[in-house]
Novice: 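Below you'll find the structure I mean.
Nothing here was measured: the structure is a model prediction, and the numbers come from that model. In what follows, every heavy atom counts, from backbone to side chain, and hydrogens, waters and symmetry copies are set aside.
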Amino acid sequence: MTAIAALSGCGLLGSDGQAESPDSKPSGIQESLAAAPPGADDRTGPAGQLTLANDPNLGPILTDSVGFTLYRFTEDGQTDGASACEGKCADLWPPVPAEGASVPAGLDSSLLGSVARQGGGRQLTVGGLPMYRYAKDAKPGQVAGDGVGGTWFASLPAGLVPSSSQDGSAFGEASPSGEGAGTSGNGVPSAVAAGPGLSVSQHPSLGSIVVDAEGRTLYRFVKDTDWPMSSACTGSCLDRWEPAAVVDRNDVSGIDPKKVIPFDRPDGIAQQTLDCWPLYRFTGDAEAGDINGQGVDGAWYAVAADGSLRKQS
């Protein structure tokens, strides 16, 4: 799968980490979606690897491999699972094909099924509920269809939410600060063996910053772009700034899995991004908690959990 094919939840942030208007990067969005799985641009293609994510306002939701939200329709049959959305309804709410969908971490594989549609083909069901995308969701991570007509919802019914999700643990939320963690000589929580691929650490001068499995600080380069994803660090730049290793999007703590996206660089190196921003390790950091790369050349900064620049606490 290419980096773009795994695109999910990328925020519209400028090179300084500040929010931009949704219309500021239309060409980038279209260019990115053009490289996504067939049908992803019109919301009719295979769902691929589903993700169980936590929306801050709605709670547990499902997204497809690109990051588009999946919806349920309360008018669908409650016993036979038949879809009540046909014709023009299906143009606005494209049914998700059953073929090629795989269960997300946190859900029992037996919950995935399918139902025959009147026009042919089979539609994906989760817990017996037919799944749809919303044509007006313009980019991954949007939930514009939630609550439409009082019959369309992105959130999962309570009966389908894994018990571990009730407290947020299934979504990699951070545990209370300091519990069970040792500290290194610089007062920063020490790396834990087999720790999450990405997690949030509390630094005494910068506040909460993103670190890798070894507790090493991860950085962003202000010359990089998020739409489309690109790295301006090439050639000799890579001698000092190592592209962060790609991690499983479910192997995170304190970070929204939808923002954890791999990036295939033109030089063939697979690099981890956060909210579409490429991440790096600084070779000048000797141990967990070091921030020697902070502010280098006025262009390199540690990263907050939402992918924004952490210039100060």
Novice: Drop me the distance from L218's CG to L198's CG, to the nearest 0.5 angstrom.
Specialist: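 Rounded to the nearest 0.5 Å, the CG-CG separation comes out at 6.5 Å.
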Novice: Have S230 and T225 got a donor and an acceptor in their side chains that come within less than 3.5 Å?
Specialist: yes
Novice: Salt bridge check, E86 against R117: does any charged N sit closer than 4.0 Å to a carboxylate O?
Specialist: yes
Novice: Step by step, would you call T217 with D290 a side-chain contact (heavy atoms from CB on, under 4.5 Å)?
Specialist: CA-CA 7 Å; T217 302; D290 282 353; 5.7 Å; no
Novice: Return all side-chain donor-acceptor pairs below 3.5 angstrom for residues 88-102, not counting sequence neighbours, or 'none' if the list is empty.
Specialist:
| unit_1 | atom_1 | unit_2 | atom_2 | d |
| --- | --- | --- | --- | --- |
| S102 | OG | Q49 | OE1 | 3.1 |

Novice: Check T151 against E75 and note the closest heavy-atom contact, atom names and distance.
Specialist: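 Minimum heavy-atom separation between T151 and E75: CG2-OE2, 3.8 Å.
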Novice: Could you tell me if the ring centre of W152 sits under 6.0 Å from that of Y71?
Specialist: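 Centroid distance W152-Y71: not below 6.0 Å, so no.
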Novice: Would a distance-only check, ignoring hydrogens and angles, find a side-chain to backbone donor-acceptor pair under 3.5 Å from D226 to M229?
Specialist: no
Novice: Indicate whether any N or O donor in one side chain lies under 3.5 Å from an N or O acceptor in the other, for S208 and R310.
Specialist: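 Side-chain D/A pair, S208 to R310: present.
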Novice: Drop me the distance from I61's CD1 to L50's CG, to the nearest 0.5 angstrom.
Specialist: 12.0 Å
Novice: Taking only residues two or more places apart in sequence, or in another chain, which ones meet R240 in a side chain to side chain donor-acceptor pair (under 3.5 Å)?
Specialist: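 Once residues adjacent in sequence are excluded, R240 has no partner under the side chain to side chain donor-acceptor pair (under 3.5 Å) criterion.
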Novice: Going by side chain to side chain donor-acceptor pair (under 3.5 Å), name the residues that satisfy it together with Y219, two or more places apart in sequence or in a different chain.
Specialist: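 Y219 satisfies side chain to side chain donor-acceptor pair (under 3.5 Å) with D285 only.
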Novice: Using side chain to side chain contact (heavy atoms under 4.5 Å, CB included) as the criterion, list what pairs up with L238, not counting sequence neighbours.
Specialist: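 Once residues adjacent in sequence are excluded, the partners of L238 under the side chain to side chain contact (heavy atoms under 4.5 Å, CB included) criterion are C233, P243, R265, D267, I269.
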Novice: Can any side-chain N or O of D137 pair as donor or acceptor with the backbone N or O of A144 at less than 3.5 Å?
Specialist: yes
Novice: Evaluate the criterion side-chain contact (heavy atoms from CB on, under 4.5 Å) for residue pair L58 and V143; output intermediate values, then yes/no.
Specialist: CA-CA 9 Å; L58 302 178; V143 289; 4.0 Å; yes
Novice: Could you tell me which residues satisfy ring pair (Phe, Tyr, Trp, His ring centres under 6.0 Å) with Y301, sequence neighbours excluded, listed by chain and number?
Specialist: none
Novice: Where do W277 and F221 land on the ring-ring contact (aromatic ring centres under 6.0 Å, His included) test, with the steps shown first?
Specialist: CA-CA 9 Å; W277 294 105; F221 186 27; over 10 Å; no
Novice: Please list, chain by chain and in numerical order, all residues satisfying side chain to side chain donor-acceptor pair (under 3.5 Å) with E242, sequence neighbours excluded.
Specialist: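 Testing E242 for side chain to side chain donor-acceptor pair (under 3.5 Å), a comparison that skips the adjacent residues, returns none.
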Novice: One thing to verify: whether D306 and K259 come together as a salt bridge, which I'm taking to mean a side-chain N less than 4.0 angstrom from a carboxylate O.
Specialist: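 The answer is no: the pair does not qualify as a salt bridge.
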